[in-house]
Amino acid sequence: MNKGRWNDWMEGVGIIAIVASLIFVGLQLRQAEKIARAEAFSTMLSNEVEVGNSLKADMSIWREGTAGAELADNEAAIFAVLVKQVNEAAYSGFMQMRELGGDAAARPSVTSFAIFLYNNPGAKSVWLAREKHLDLNRDLVNPDRGNSSGWLDLVIEDLRFWKATARQSRRHRSLSGSCRRPTI
């Protein structure tokens with residue numbers, strides 16, 4: 001075999017080796033992403049179990065608080081902690097999914113939490129008061145900061161959406177009820 005042909009053959013083998021190593025790196029990256037997603041879901045599940053245990057321990061306070069009932073001071077403090085735990089679990093899931101899959105993957109966490117707040121007026125008022133207080137403190141510490149994660153704005157945007165949707169649904173039901181044919 002002449003030297004030129006031998007060099008061509010070795011270059012071909014080298015190219016095949018490089019392509020094979022790139023394919024291997026791609027497979028490793030895909031596997032690492034799957035592992036990261038599995039760990040994120042595991043963490044989210046652990047958070048939900050932890051929150052569920054906290055809620056179970058103070059179920060009567062949780063039930064009254066989410067309904068918007070008047071709570072004694074000590075019960076209101078416990079309820080505020082429970083709402084904080086639910087928020088932190090949802091926010092943690094939001095951030096993990098955003099890190100792994102971007103905004104579209106994180107959006108269901110926002111929507112789920114907003115629906116929870118919409119359906120539980122007591123939790124919504126405690127959460128809004130807490131977020132307003134936190135926002136004020138953040139501004140005092142760092143006045144030049146922006147809303148770094150967008151969590152607050154996204155949840156409020158979804159709350160407005162669900163409120164508008166419910167209003168349209170009620171209006172549609174009242175209109176359709178007035179248009180029904182009388183039965184004989």
Side-chain angles (χ1 to χ4, degrees), residues 21-59 61-63 65-68 76-169:
S21 68
L22 289 175
I23 290 172
F24 180 71
V25 168
L27 292 173
Q28 281 182 317
L29 287 174
R30 183 177 288 159
Q31 183 180 19
E33 182 183 347
K34 286 180 181 179
I35 290 170
R37 283 185 188 275
E39 287 175 354
F41 285 123
S42 176
T43 301
M44 289 175 4
L45 183 60
S46 291
N47 288 345
E48 286 183 27
V49 167
E50 197 173 311
V51 168
N53 288 336
S54 295
L55 297 179
K56 189 171 27 169
D58 295 302
M59 186 53 73
I61 294 172
W62 179 251
R63 201 176 7 244
T66 54
I78 291 169
F79 182 66
V81 168
L82 295 173
V83 170
K84 178 182 177 236
Q85 287 178 332
V86 171
N87 174 69
E88 287 175 354
Y91 177 74
S92 173
F94 165 76
M95 290 303 289
Q96 288 173 344
M97 294 311 296
R98 179 185 247 182
E99 194 67 33
L100 288 171
D103 289 343
R107 193 65 190 187
S109 295
V110 173
T111 301
S112 177
F113 187 68
I115 291 170
F116 160 75
L117 291 176
Y118 179 78
N119 289 324
N120 297 283
K124 178 183 171 186
S125 64
V126 167
W127 180 78
L128 286 171
R130 179 179 178 272
E131 287 298 321
K132 183 178 180 182
H133 179 74
L134 286 174
D135 216 30
L136 218 93
N137 288 339
R138 288 180 193 123
D139 284 343
L140 290 173
V141 172
N142 185 5
D144 297 329
R145 70 141 183 102
N147 186 351
S148 58
S149 72
W151 173 251
L152 175 64
D153 294 335
L154 290 170
V155 172
I156 288 174
E157 177 185 313
D158 270 20
L159 279 169
R160 288 184 182 135
F161 170 79
W162 290 109
K163 184 177 181 179
T165 300
R167 194 177 310 128
Q168 283 180 331
S169 177

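- Residues Phe79 and Asp58 fail the side-chain proximity criterion, which asks for heavy atoms closer than 4.5 Å.
- The CG atom of Asn137 sits 12.5 Å away from the NZ atom of Lys132 when rounded to the nearest 0.5 Å.
- Asn87 CG to Leu134 CG: the interatomic distance, rounded to the nearest 0.5 Å, is 8.5 Å.
- Summarising the geometry of Pro108 relative to Ala105, their closest heavy-atom pair is CD-O, 3.3 Å, with the distance given to 0.1 Å.
- The CH2 atom of Trp62 sits 6.0 Å away from atom CG of Leu82, with the distance rounded to the nearest 0.5 Å.
- Ring-plane geometry between Trp127 and Phe113 is classed as perpendicular, the angle between the planes exceeding 60 degrees on a 0 to 90 degree scale with a lower cut at 30.
- A donor-acceptor pair under 3.5 Å is absent between the side-chain atoms of Asp135 and the main chain of Glu131, judged by distance alone.
- Note that CD1 of Ile156 and CG of Leu152 are 4.0 Å apart. Values are rounded to the nearest 0.5 Å.
- Listed for the Thr165 side chain is a donor-acceptor partner under 3.5 Å among the backbone atoms of Phe161.
- Around atom CZ of Arg130, more than 12 heavy atoms belonging to other residues, nucleotides or ligands sit under 6.0 Å away.
- Taken from CE in Met95 to CG in Leu100, the straight-line distance is 11.0 Å, to the nearest 0.5 Å.
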Evaluate Arg107 against Glu157 for salt bridge (Lys or Arg N to Asp or Glu O under 4.0 Å), listing each step before the verdict. CA-CA 12 Å; Arg107 193 65 190 187; Glu157 177 185 313; 3.4 Å; yes
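- Between Glu88 and Ser92, the closest side-chain pair of non-hydrogen atoms is not below 4.5 Å.
- Phe94 is not listed as a side-chain neighbour of Asp103, based on a closest heavy-atom distance of 4.5 Å or more.
- Heavy-atom minimum distance, Met97 versus Ala106: CB-CA, 3.8 Å.
- The two residues Ala90 and Ser109 make their nearest non-hydrogen contact at O-CB, 4.0 Å.
- Here the closest non-hydrogen pair linking Val155 and Ala114 is O-CB, 3.9 Å.
- Residue Gln28 qualifies as enclosed at atom CD: its count of foreign heavy atoms under 6.0 Å is above 12.
- Ring geometry for Trp151 versus Tyr91: interplanar angle over 60°, hence perpendicular rather than tilted (30 to 60°).
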Would Lys124 and Thr66 count as a side-chain contact (heavy atoms from CB on, under 4.5 Å) if you check the C-alpha gap in whole Å, the side-chain angles of each, and the deciding distance to 0.1 Å? CA-CA 8 Å; Lys124 178 183 171 186; Thr66 54; over 6 Å; no
